[in-house]
Protein chains: 2
Amino acid sequence: MTIFVTNLQATKMFSKACEYGIRAATYIASQSRASRRVSLKEIANEIDSPVAFTAKILQRLSRHQIVSSVKGAFGGFEIEHERIPLIKLSQIVYAIDGDSVYVGCGLGLKKCNALKPCPVHDKFVEIRNELKHMLDSTSLFELTEGLEAGITYLKR
Amino acid sequence: MTIFVTNLQATKMFSKACEYGIRAATYIASQSRASRRVSLKEIANEIDSPVAFTAKILQRLSRHQIVSSVKGAFGGFEIEHERIPLIKLSQIVYAIDGDSVYVGCGLGLKKCNALKPCPVHDKFVEIRNELKHMLDSTSLFELTEGLEAGITYLKR
DNA sequence: TTTAAATCGGACAAATATGTCCTAATAACT
DNA sequence: AGTTATTAGGACATATTTGTCCGATTTAAA
Ligand code: FES
Ligand code: FES
């Protein structure tokens, strides 16, 4: 007899939406560097994500002016060359997940608050700061480099 | 006119279950140091968590032998003094969230795989390793210290 | 031995995140 | 002007996580 014990949840850094968002933006950026505007269908195919859900996420990125969208036949998504190195991961995360990275408490208290810290506050804040710094300092351009060199992948 | 744009999800390190688990274990540990066995009701009250949900989580911690439970009147939860400094946060996280911290890819590819890495792999792994190290090196004892000194809190 | 206080664990319910479908709007091409 | 390919966005559907309820079991005390 096999007993299945369902796991409650996974400790994960980003939401699915955010994961798709970063992958989509990275793909768009890499194609934009070759002046190719790409369609939703192509994006979803290349990053292996659900089409309609990806559409929602791209809408957000578009409203936040991270990607620009062009409607109609031959439309699609693109990012202006010169902006690619300027767009940081943090902007994408913020557009999709909001500011929770910045305000959340590691143990789920209402807000992280150094004046009334939870027991893991110090250690948590340290790691969160490193995460923040990574997000703030990593540009879309950096992410496309490995892709174009064929050493990183957006799907498997 | 106010328009509500529902946020998709929050970027968070731990699941709610895990947050409650750490808070509960910390409270039990701090009381066990004073040789007080504590009831579910008391725990939920002290960490401000839903009683029945907390019960599930404590069951897990109990099955994983992180806390020991005593049934019946005057029963409750406790942790043997000498084990308190030996129990690491990583064990609690593992008991509740499984090994996802160790295998997950930051961009949601099937598994993190250095041989076919996603574009954020290097940066992600670095932070994840720091998180792992923090979880592996932080004991329940450490978390109780601030509590007993009155400088950290399990609820607000 | 009865009663009361507690955990255990299954089934259920609600909330949230993820994912789908359809219609409208837009733009290029014929 | 009509057709086709595309994004925009609302409504809906499904999956997962979070949370509740209740009966069974256990234990100590009256
Ligand atoms: S108060 Fe919990 S992380 Fe800052
Ligand atoms: S492959 Fe994505 S984090 Fe390692």
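Chain identifiers are assigned alphabetically (A, B, ...) following the order of the sequence lines, protein sequences preceding nucleic acid strands; residue numbering begins at 1 within each chain.
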Atom CD1 of Ile57(B) and atom P of dG9(C): how far apart are they, to the nearest Å?
-> 15 Å

Considering only dT7(D), dT18(D), dA6(C), which nucleotide approaches the side chain of Lys16(B) most closely?
-> dT18(D)

Scan side-chain atoms only and decide if Glu80(A) and Ser32(A) contain a donor-acceptor pair under the 3.5 Å cut-off.
-> no

Mind calculating the distance between NZ (Lys41(A)) and C1' (dA8(D)) to the nearest angstrom?
-> 17 Å

Leu135(A) side chain near Lys88(A) side chain, heavy-atom distance below 4.5 Å | no

Nearest heavy-atom neighbours spanning Ile66(B) and Ile87(B) | O-CD1, 3.4 Å

From NZ of Lys12(B) across to C1' of dA17(C) the rounded distance in Å is 13 Å

Within this structure, what is the CG-to-C1' distance between Leu58(B) and dC8(C), rounded to whole angstrom?
-> 12 Å

Do any side-chain nitrogens or oxygens of Arg63(A) fall under 4.0 Å of OP1 or OP2 in dA8(D)?
-> no

Mind calculating the distance between CZ (Arg23(B)) and P (dT18(D)) to the nearest angstrom?
-> 13 Å

Kindly assign one of parallel, tilted or perpendicular to the pair Phe53(A) and Tyr20(A), based on the angle between their ring planes and the thresholds 30° and 60°.
-> perpendicular

Give the rounded distance in Å between these two atoms: NZ of Lys56(A) and P of dG10(D).
-> 8 Å

Nucleotide of dA29(D), dG19(C), dA27(C) approaching Ala73(A) most closely (side-chain heavy atoms) = dA27(C)

Would you tell me if any nitrogen or oxygen in the side chain of Tyr20(A) comes within less than 4.0 Å of OP1 or OP2 on dG19(C)?
-> yes

NZ/NE/NH1/NH2 to OD/OE distance under 4.0 Å, Arg36(B) and Glu78(B) = no

Taking CG from Leu40(A) and P from dA8(D), how many angstroms apart are they, rounded to a whole number?
-> 9 Å

Distance below 4.0 Å between Ser69(B) side-chain N/O and dC8(C) OP1 or OP2 | yes

Position toward the 5' end of DNA chain C (nearest nucleotide), Lys71(A) or Pro50(A) = Pro50(A)

Whole Å only: how far is the CD1 atom of Ile43(B) from the C1' atom of dC8(C)?
-> 14 Å

Under-4.0 Å side-chain N/O to phosphate OP1/OP2 contact, Arg37(B) with dA6(C) = no

In terms of side-chain heavy atoms of Ser39(A), which of dT20(C), dT20(D), dT7(D) is nearest?
-> dT7(D)

Between Gly75(A) and Gln59(A), the residue closer to the 5' end of DNA chain D by nearest nucleotide is Gly75(A)

